[in-house]
Every structure is written in C-alpha cells, then in structure tokens.
J.: 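Dumping the structure here so I can ask a few things about it.
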Amino acid sequence: MSDTLLVEKRDGWWKLTLNRPDKLNAANEDLLYAMQSALDDADADPACRALLLTGAGRGFCAGQELGPSIMPSEAGPPDLGALADLHHAVIRKLRALPLPVVCAVNGVAAGAGASYALACDIVLAARSAKFTMAFVKIGLVTDSGASHFLTHRIGEARARALAMLGESVDAARAEAWGMIWKAVDDAVLLQDAAAMTAALAQGPTETLGRLKRLFDAAGRNDLDAQLDLERDAQAEAGRGADYAEGVRAFLEKRAPVFRGYG
Ligand code: T3D
C-alpha cells in the first residue's frame, strides 16, 4: 500500500487523498499506479457506491512531477508518450467507473492535476483554488483529457486561449464559465464535498453509473443516437430494484431506500 494516496473507507463511500503535500501532490509513478489500483478496488467492491477525491495540504495536484526522470539524458529524450499513457489510464478509469466521483479541489490544480479534477463527475472548488493550464509553460501540450474537457465545458475560444496562454482560472470564474459545479468557502469545502458524496452513496448506484455513460456519449452523439441510448438506459433502469423502490416510496410518501445494485 502506497502512502502517496490515502484511501479512507467510509459508510458506503471512499475518500481518496493525493498525499505528497510538500510537492503540491504532483503525480509521480507511484501515485499514478496507486490511483489506478484504488479505482480498480473501488470498482470491484459493491460496498463502495461513491468516491471523493481531494488533495492533502495547500494544493490539489501540481500535475506531473517535474524532475530528472523526465528530462532528456545521454540515453536520449524521455518517452513522454508512455508517460501520457500512465496519466491517461487514470483518467479513463475515473470516467469508466460506474460510480459518482466528487472532486474537492482544495488548492491549485495545475497541468494533469487540473485534468484529474475535470475528469470527476461533480467538482467543488475552494474559493482560493485555481486551475492552471501549466503544460505550455514547460513546452508541453494540454493532455490527460484537458483539451477535451475544456472544449466541451467552456467552449473552444476559452479552451484554446487557456491552453495557449497557460493562464489560471480561479474557482469563482471556473464556476461562472461552467467548468466546475461550484466554488465554496474554503472552510466548508471538505464537509460539503463529504456530505454530497455520502448522499450520492445512498443513491440508485447503477442508475448513476448509467448517467455517467449517457453524459459521456452526449458530447459525440447527435440527438437521434442520444435518444436511442437514453431509451436503452431507461429500459435497464426500469428492470432494477431501485426503480421499483423509488416508485413504491413515492406512493407511500416516504424517502426511498436504494440498494444501489440489482
Ligand atoms: O508525458 C506526459 O503526459 C507528461 C505529463 C504532463 C502533464 C503535466 O501535468 S505537465 C505540467 C506539470 N506541472 C507543472 O508544470 C506545474 C509546476 N508547478 C507550478 O507551476 C507551481 O508550483 C504552481 C503554480 C502549481 C504552484 O505555485 P506556488 O508558488 O503556489 O508553489 P511552489 O512554491 O511553486 O511549489 C511548492 C513546492 O512544490 C515547491 O517545492 P520546494 O521548492 O518547496 O521544495 C515546488 O518545486 C514543488 N512542486 C510544484 N509543482 C511541482 C513540484 N515539484 C515537482 N513537480 C511539480 N509539478
């Protein structure tokens, strides 16, 4: 078990904390593998019905760890394609995980660190936090999905400018632009994010997983294709115990008790 990622198992949900605070939680290989493994474990455990991702200390994540291991050496240039694959495996797992993932951005989210936040389903950010497309400042392209997430959320004009200028966006502007769900006061970020994750963990988990698939597809589908996908997902939802419980609870004028699966 790596200490670069803290995994706390709560009642129905897990909290993952990026834990390299002296480096603003910059991602080294150890952290990237730890994230992959924690996401696989969460996927395999039916008792985990939601995830919260945050960072330890004053930063959320400063992106790829910058150091000699990714510098050109006598052996030649570094294989940044292979390194991108490592980051991208984490992004793919975050998106494919059939559970809601909440991100509490507690401080700066730079480079791939911003991408990790944007890959989550619901992003809350402390008012003091900022998102920085730092890639270009070191001569790299925007990766780990940031060019995709930004284009879809804030539009191409803003996405291109952010990527090319390497400018920062603070949490209030990120909310105003639709890049994230909400900016909240620093003092309440973690408690708000934990309450939201705990509430999602009580939800109809399989339906929340289907919602993820629908919204992932919405960006590439035309209306006809999306209507077909919605019909198929609704047909699946209608066969589930949580749908029956939802309607029963409504008729009985009580809160539903969703099992999550089955
Ligand atoms: O192949 C591939 O796909 C490659 C992958 C690329 C994806 C990427 O993420 S590329 C972008 C990599 N990240 C960056 O370029 C960001 C570098 N960091 C910064 O620009 C600044 O640190 C921040 C804007 C994020 C925050 O600034 P500030 O002033 O609040 O903090 P600081 O003093 O710069 O940093 C605090 C410490 O964290 C400092 O260490 P020290 O001096 O106290 O010992 C700093 O060196 C360290 N740190 C910050 N970012 C990184 C880092 N150490 C290693 N790697 C980092 N990315």
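One-based numbering, in listed order, for ligands and for the atoms of each. Being a predicted model, the structure only gives us computed values, none of them experimental. Reckoned from all heavy atoms, side chains included, excluding hydrogens, waters and symmetry mates. Index from 1, following the sequence.
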J.: Quiz question for you: does at least one protein heavy atom lie closer than 4.0 Å to atom 18 (N) of ligand 1?
T.: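 Neighbour list for atom 18 (N) of ligand 1 is empty of protein heavy atoms (cut-off 4.0 Å).
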J.: Atom 27 (O) of ligand 1: which protein heavy atom is closest, and how many Å away?
T.: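 For atom 27 (O) of ligand 1, the nearest protein heavy atom comes out as Leu24 CD1, 4.4 Å.
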J.: Does any N or O atom in Glu65 lie less than 3.5 angstrom from one in ligand 1, N or O only?
T.: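 Among all N and O atoms of Glu65, none is under 3.5 Å from an N or O of ligand 1.
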J.: Is the shortest side-chain N to carboxylate O distance from Arg210 to Glu230 below 4.0 Å?
T.: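 Salt bridge flag = no for Glu230 with Arg210.
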J.: Do NZ/NE/NH1/NH2 and the carboxylate oxygens of Glu167 and Arg173 come within less than 4.0 Å?
T.: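 A salt bridge is absent here (no side-chain N lies under 4.0 Å from a carboxylate O).
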J.: Hey, does Ala112 come in under 3.5 Å of ligand 1, counting only N/O atoms on both sides?
T.: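 For ligand 1, there is an N or O atom that lies under 3.5 Å from one belonging to Ala112.
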J.: Name the closest protein heavy atom to atom 10 (S) of ligand 1, giving the residue it belongs to and the distance to 0.1 Å.
T.: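 Checked against all protein heavy atoms, atom 10 (S) of ligand 1 sits closest to Phe135 CD2, 3.7 Å.
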J.: For Ile91 versus Ala119, what's the shortest heavy-atom pair and its separation?
T.: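 The pair with the smallest heavy-atom distance is CD1-CB, 4.0 Å.
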J.: What is the nearest protein non-hydrogen atom to atom 24 (C) of ligand 1, stated with its residue, atom name and distance?
T.: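 Looking only at protein heavy atoms, the one closest to atom 24 (C) of ligand 1 is Val108 CG2, 4.4 Å.
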J.: Any carboxylate oxygen within less than 4.0 angstrom of a Lys/Arg side-chain nitrogen, looking at Arg231 and Asp228?
T.: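 Salt bridge between Arg231 and Asp228, a charged N being under 4.0 Å from a carboxylate O: yes.
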J.: In the single-linkage hydrophobic clustering (I, L, V, M, F, W, Y; side-chain heavy atoms under 4.5 Å), do Ile70 and Leu24 co-cluster?
T.: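 Cluster IDs for Ile70 and Leu24 differ.
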J.: Who's the nearest protein heavy-atom neighbour of atom 12 (C) of ligand 1, and how far?
T.: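 Scanning the protein heavy atoms, the shortest distance from atom 12 (C) of ligand 1 goes to Gln64 O, 3.7 Å.
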J.: Do Leu118 and Leu86 share a hydrophobic cluster, counting only Ile, Leu, Val, Met, Phe, Trp and Tyr and linking them when any side-chain heavy atoms are less than 4.5 Å apart?
T.: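 The answer is yes; both residues are in one hydrophobic cluster.
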J.: How does Asp143 reach ligand 1, if at all, at less than 4.0 Å between non-hydrogen atoms: by side chain, backbone, both, or neither?
T.: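 It is the side chain that touches ligand 1; the backbone stays farther off.
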J.: Does a sphere of radius 6.0 Å around CZ in Arg153 hold more than 12 heavy atoms from other residues, nucleotides or ligands, not counting ones at 6.0 Å or beyond?
T.: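 For Arg153, atom CZ is crowded (more than 12 foreign heavy atoms under 6.0 Å).
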J.: Polar-atom distance check: Ile138 versus ligand 1, any N or O pair below 3.5 Å?
T.: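 The answer is no, given that Ile138 and ligand 1 share no N or O pair closer than 3.5 Å.
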J.: Can you tell me the protein heavy atom closest to atom 1 (O) of ligand 1 and the distance?
T.: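 Closest protein heavy atom to atom 1 (O) of ligand 1: Leu80 O, 2.6 Å.
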J.: Select the closest option to atom 4 (C) of ligand 1 among Ile70, Leu86, Leu83, Leu66, judged by heavy-atom distance.
T.: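 Minimum heavy-atom distance to atom 4 (C) of ligand 1 goes to Leu83.
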J.: Where is the nearest protein heavy atom to atom 53 (N) of ligand 1: which residue, which atom, and how far?
T.: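 In this structure, atom 53 (N) of ligand 1 has Lys23 CD, 3.7 Å as its nearest protein heavy atom.
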J.: Counting each atom of ligand 1 from 1 as listed, which ones have a heavy atom of Gly63 under 4.0 Å away?
T.: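 Here the atoms of ligand 1 in question are 9 (O).
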J.: Could you report the tightest heavy-atom contact between Phe131 and Ala117, atom names first, then the distance?
T.: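 Phe131 and Ala117 have their closest heavy atoms at CE2-CB, 4.1 Å.
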J.: Relative to ligand 1, is Asp22 under 4.0 angstrom through side chain, backbone, both or neither, heavy atoms considered?
T.: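 For Asp22, only backbone atoms sit under 4.0 Å from ligand 1.
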J.: Under 4.0 Å from atom 42 (O) of ligand 1, is there at least one protein heavy atom?
T.: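 No, there is none.
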J.: Any protein heavy atom sitting closer than 4.0 Å to atom 15 (O) of ligand 1?
T.: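 Under 4.0 Å from atom 15 (O) of ligand 1, at least one protein heavy atom found.
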J.: Specify the closest pair of heavy atoms between Ala126 and Asp186, including all atoms of both residues, with the distance to one decimal.
T.: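 Between these two residues, the closest heavy atoms are CB-OD1, 3.5 Å.
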J.: Please write down residue, atom name and distance for the protein heavy atom closest to atom 56 (C) of ligand 1.
T.: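 Heavy-atom neighbour on the protein nearest atom 56 (C) of ligand 1: Ala26 CB, 3.6 Å.
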J.: For Asp242 and Arg259: C-alpha separation, side-chain torsions, deciding distance, then whether salt bridge (Lys or Arg N to Asp or Glu O under 4.0 Å) applies.
T.: CA-CA 6 Å; Asp242 279 344; Arg259 291 193 344 217; 5.6 Å; no
J.: Can you report which non-hydrogen protein atom sits closest to atom 31 (O) of ligand 1, along with the distance?
T.: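 That would be Arg58 NH2, 3.0 Å.
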J.: For atom 51 (C) of ligand 1, which of Ala62, Ser115, Ala114 has the closest heavy atom?
T.: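 Comparing heavy atoms across Ala62, Ser115, Ala114, the nearest one to atom 51 (C) of ligand 1 lies in Ala62.
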J.: If you scan the protein for heavy atoms around atom 7 (C) of ligand 1, do you find one that is closer than 4.0 Å?
T.: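 Under the 4.0 Å cut-off, atom 7 (C) of ligand 1 does have protein heavy-atom neighbours.
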J.: Working to the nearest 0.5 angstrom, can you tell me the gap between Asp143 CG and His87 NE2?
T.: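 The distance works out to 6.5 Å.
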J.: State whether any protein heavy atom lies less than 4.0 Å from atom 29 (O) of ligand 1.
T.: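 Neighbour list for atom 29 (O) of ligand 1 is empty of protein heavy atoms (cut-off 4.0 Å).
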J.: Less than 4.0 Å from atom 34 (O) of ligand 1, is there any heavy atom belonging to the protein?
T.: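 Given the 4.0 Å limit, the answer for atom 34 (O) of ligand 1 is no, no protein heavy atom qualifies.
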J.: Return the minimal non-hydrogen interatomic distance between Leu94 and Tyr116, and the atom names on each side.
T.: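 Leu94 and Tyr116 have their closest heavy atoms at CD1-O, 4.0 Å.
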J.: According to a 4.5 Å side-chain heavy-atom criterion applied to Ile, Leu, Val, Met, Phe, Trp and Tyr, with indirect links allowed, do Val108 and Val169 form part of one hydrophobic cluster?
T.: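 Different clusters.
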